[in-house]
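The structure under discussion appears below in the form of structure tokens.
Sequence lines set the chain letters: A, B, ... in the order given, protein chains first and strands last, and positions in each chain run from 1. Since this is a predicted model, take the numbers as computed values, not measurements.
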4 protein chains.
Amino acid sequence: MLGYIASKMPPGRPFNSAHTAAARTAAIDLLEEQGYAAITMEAVAERTGISKQALYRRWKHKRHLVVDAFAEKADLLPDLPDTGTLQGDLQAFLRATFSMLRGTCGMTNRVLFTEALQDPEFLLEFRERHLIRRRRQVSALLQRAADRGECDLPADDTLVDLVLGPVWYRLLLQNAPLDEATADKFAKYFCHLVCSVEPT
Amino acid sequence: MLGYIASKMPPGRPFNSAHTAAARTAAIDLLEEQGYAAITMEAVAERTGISKQALYRRWKHKRHLVVDAFAEKADLLPDLPDTGTLQGDLQAFLRATFSMLRGTCGMTNRVLFTEALQDPEFLLEFRERHLIRRRRQVSALLQRAADRGECDLPADDTLVDLVLGPVWYRLLLQNAPLDEATADKFAKYFCHLVCSVEPT
Amino acid sequence: MLGYIASKMPPGRPFNSAHTAAARTAAIDLLEEQGYAAITMEAVAERTGISKQALYRRWKHKRHLVVDAFAEKADLLPDLPDTGTLQGDLQAFLRATFSMLRGTCGMTNRVLFTEALQDPEFLLEFRERHLIRRRRQVSALLQRAADRGECDLPADDTLVDLVLGPVWYRLLLQNAPLDEATADKFAKYFCHLVCSVEPT
Amino acid sequence: MLGYIASKMPPGRPFNSAHTAAARTAAIDLLEEQGYAAITMEAVAERTGISKQALYRRWKHKRHLVVDAFAEKADLLPDLPDTGTLQGDLQAFLRATFSMLRGTCGMTNRVLFTEALQDPEFLLEFRERHLIRRRRQVSALLQRAADRGECDLPADDTLVDLVLGPVWYRLLLQNAPLDEATADKFAKYFCHLVCSVEPT
DNA sequence: GGGTAATCGAGACGGTACGTCTCGTCTTCCT
DNA sequence: AGGAAGACGAGACGTACCGTCTCGATTACCC
């Protein structure tokens, strides 16, 4: 049973995975150093020494590279410690989330969002592959509270929108900080809100 | 004393205001017909018969034209009838808002948001000139409820973020409809949320 | 009666004719310095400081530029002094032609021929715009002799092919020099040949 | 003593000779179907199912493949029946030659010529390996006439150039057909020409 | 039958040029 | 003067083909 690991290897010379990583890194670095408009296939190629053709072999379009480069970083998710109460859970989740969004992850998510708004196809993918994971965390958190009898859950995902909407709103508009105090305040408000839900 | 009425008029031939309007319309039409990427100075020039130079005389950059073109349409705001209760007010506001966002105004706002995410300078302007007007409506609504004694208000704008965040979240991600049922549900939830606020 | 020369000028900024000339020159220089493969739109652009777009505005494809650049040089034609005899005329024509083909004009013609062999469309143009001029010279020369009663002319252009064929053959294959002695020899032979023609 | 025929066989897996033939055929087919520019290593590889590497193992460069593919077909030479007179010989030779050049052989020779014009090294080879054979035929033909006393021969190959020049001229430029009538006319003219030659 | 040496298909790789596009500016003539 | 027409420099886009290299798998001879 030795060969069966390698048996799935496709024919032909494999991608140089160092290149794949280098290109992703370059895209991220370009954003941080010179801003969104500096993310350019040409620049990535020059900076990494990878030929343009090699880039286009991996990623069909510029957008694909950008998305892929930032996807990884965007997907950092907090742990979901069970604090025993909904408010405790929410507070822990929001504190951790805000903390990440204050760092590179925040910028990264803004980039992905920017791309998503310009490409309907990617918007779908962005929702289904990335955003959904955070939504599921919130769902799980609420479900746990419902199981404890702390609240009822509506049939749809409305509550999740209510929790995450303000987070994205602040992240994208940068109109107010995403600090711990805000996390705690949001947690408290959501807790009241959620607990007031009646079955539909 | 002939000249003093026109004395503020700049020297030289004045702009043809029909052109200004035509360019704005063309930008909007291009978006609707072929999508965001089709909004091009070149395309606007061709479609309107206005020379590129004339466009650049009015708007310094492409973004300026886009912003200007969509600003008008984006700023439609609902009336704020006083229904006597916070939930009634919220429901009326959200129903009206959702109704507008389902139309051209929604798409328009998505475009402006897209531009804002790509241009920090414009983001500021977008927030201070456009978004703030809707925020003020929500503030006014909440203030009215506070005056009635229905709720307390925190020192900052947190509540406004909580109300508008989910709206923008849905508008931008298009993950769920902005229909009347949702408006009502949102209104109910917010009402509970807001009324649970304690002074800070 | 002032404006009628310029009255046909098209609207808009006119081409910078210095650029047009510079590009043509650059193409020729590149050939001479580094060979045919060095004639590159990119290289022409860099060397002249003209943007690629400006080049493509004038010449639809690279081939068009090449053709145009070399057409001028390729089209140098000898005078046709009337020496009074066919052999004298032929000798003068061939000496002058060989002389030119030994210089830049020869290389230029080889380049154009190379292009023509690779592009049927251009072959046609090459024949009708360039080659035909030299053919007409030979025709004129022969016609003059016929008018003098030195020879008859066949209905078609066979004789022209017989005169110019060997010239091109030597130019392209470079199997033998195009010197004065050869010119004289060719002239003598052709004279005999032509004078032996009987009406068809 | 079985092995001594194969004893020169190099170690390792031998070339698949079917592939060698297939590639040659593909090159020819590509020319016929889509023209000269379509002859591409990539296209040959795809069309034959042979990997590019396998092609480059056989032929060092694209030109080598092209030349090799077309060389075979280009070398068809007519028989040289002795008709007893120079004109008869010339006529037979030209008729046969034209006949071949009207077919694949003509196209093939145009391709080789095209390559030769782009590669001085190959030009030499083309002349010495291919063109020379036809030149020798003409030489032989003239020698025969000289032996018969029909004409004198100059010291150099001028006469051969005069005979073959127009043929190539017409083949390459495709300005006039290579039909039997032309062959006959050429033969008659050449005969007069050749017979007028005086020793130099 | 195992070792050696070359082939094979598949396909990634760097390089280089292609021809296109949009941006924002500049230059011409016309009204 | 304004305005249309459109050339201009800059520079990214995505594609094509070149000739090379890297995989694992497959023949062939030889010992």
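- Between the CD1 atom of B:Ile28 and the OG1 atom of B:Thr104 there is a distance of 8.5 Å, given to the nearest 0.5 Å.
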Candidate pair A:Leu172 and B:Phe113, rule side chain to side chain contact (heavy atoms under 4.5 Å, CB included), full reasoning:
CA-CA 9 Å; A:Leu172 296 176; B:Phe113 218 110; 3.8 Å; yes

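- Taking both residues in full, the closest heavy atoms of A:His61 and A:Tyr56 are given as CA-CE2, 4.5 Å, listed atom of the first, atom of the second, then distance.
- The side-chain hydrogen bond (donor to acceptor under 3.5 Å, both in side chains) search around A:Arg57 returns none, not counting sequence neighbours.
- For C:Leu55 and F:dG6, the CG to C1' distance is 17 Å, given to the nearest whole Å.
- With rounding to whole Å, B:Tyr36 atom OH is found 14 Å from E:dT22 atom P.
- Listed candidates were F:dA25, F:dC21, E:dG24. Nearest to the side chain of D:Arg13 is F:dA25.
- Residues D:Ala27 and D:Ala69 come closest through the heavy atom pair CB-CB, 4.0 Å.
- Atom CH2 of A:Trp59 is separated from atom P of F:dT15 by 15 Å (rounded to the nearest Å).
- Using a 4.0 Å cut-off, no side-chain N or O of C:His61 falls inside it from OP1 or OP2 of E:dC18.
- C:Arg58 has no side-chain polar atom (N or O) that falls below the 4.0 Å cut-off from OP1 or OP2 of F:dG6.
- Residues C:Ala116 and C:Leu123 share a closest heavy-atom pair of O-CB, 3.6 Å.
- For D:Ala43 and A:Gly12, each mapped to the nucleotide of DNA chain F holding its nearest heavy atom, the one lying further toward the 5' end belongs to D:Ala43.
- Toward the 5' end of DNA chain F, the nearer of the two residues C:Asn16 and A:Glu42, judged by each one's closest nucleotide, is C:Asn16.
- Across the helix from E:dG1-F:dC31 to E:dT31-F:dA1, the helix axis at one end is tilted relative to the axis at the other end by 20° (nearest 10 degrees, each axis from five pairs).
- For D:Tyr56 and E:dG11, the OH to P distance is 18 Å, given to the nearest whole Å.
- Within the structure, every side-chain polar atom (N or O) of A:Arg57 is placed at least 4.0 Å from both OP1 and OP2 of F:dT15.
- For C:Lys62 against E:dG19, no side-chain N or O and base N or O form a donor-acceptor pair under 3.5 Å.
- Across the protein-nucleic acid pair, A:Glu46 atom CD and E:dG14 atom P stand 14 Å apart, rounded to whole Å.
- Closest approach of B:Ala22 to B:Ile50, counting heavy atoms only: CB-CD1, 4.4 Å.
- If B:Ala37 and A:Pro11 are placed on DNA chain E by their nearest nucleotide, the residue sitting closer to the 5' end is A:Pro11.
- Look at CD on C:Gln53: it is 15 Å from P on F:dA12, rounded to the nearest Å.
- Rounded to a whole Å, the CD1 atom of C:Ile39 is 14 Å from the P atom of E:dG19.
- Using a 4.0 Å cut-off, some side-chain N or O of C:His19 falls inside it from OP1 or OP2 of F:dC8.
- Evaluation of the side-chain hydrogen bond (donor to acceptor under 3.5 Å, both in side chains) test over residues 22-32 of chain D, restricted to residues two or more places apart or in two chains, returns D:Arg24-D:Asp68.
- Whole-Å rounding puts the C:Arg63 CZ to E:dC18 P distance at 11 Å.
- In the interface, the side chain of B:Lys52 is not paired with the base of F:dG6 through any donor and acceptor atom under 3.5 Å apart.
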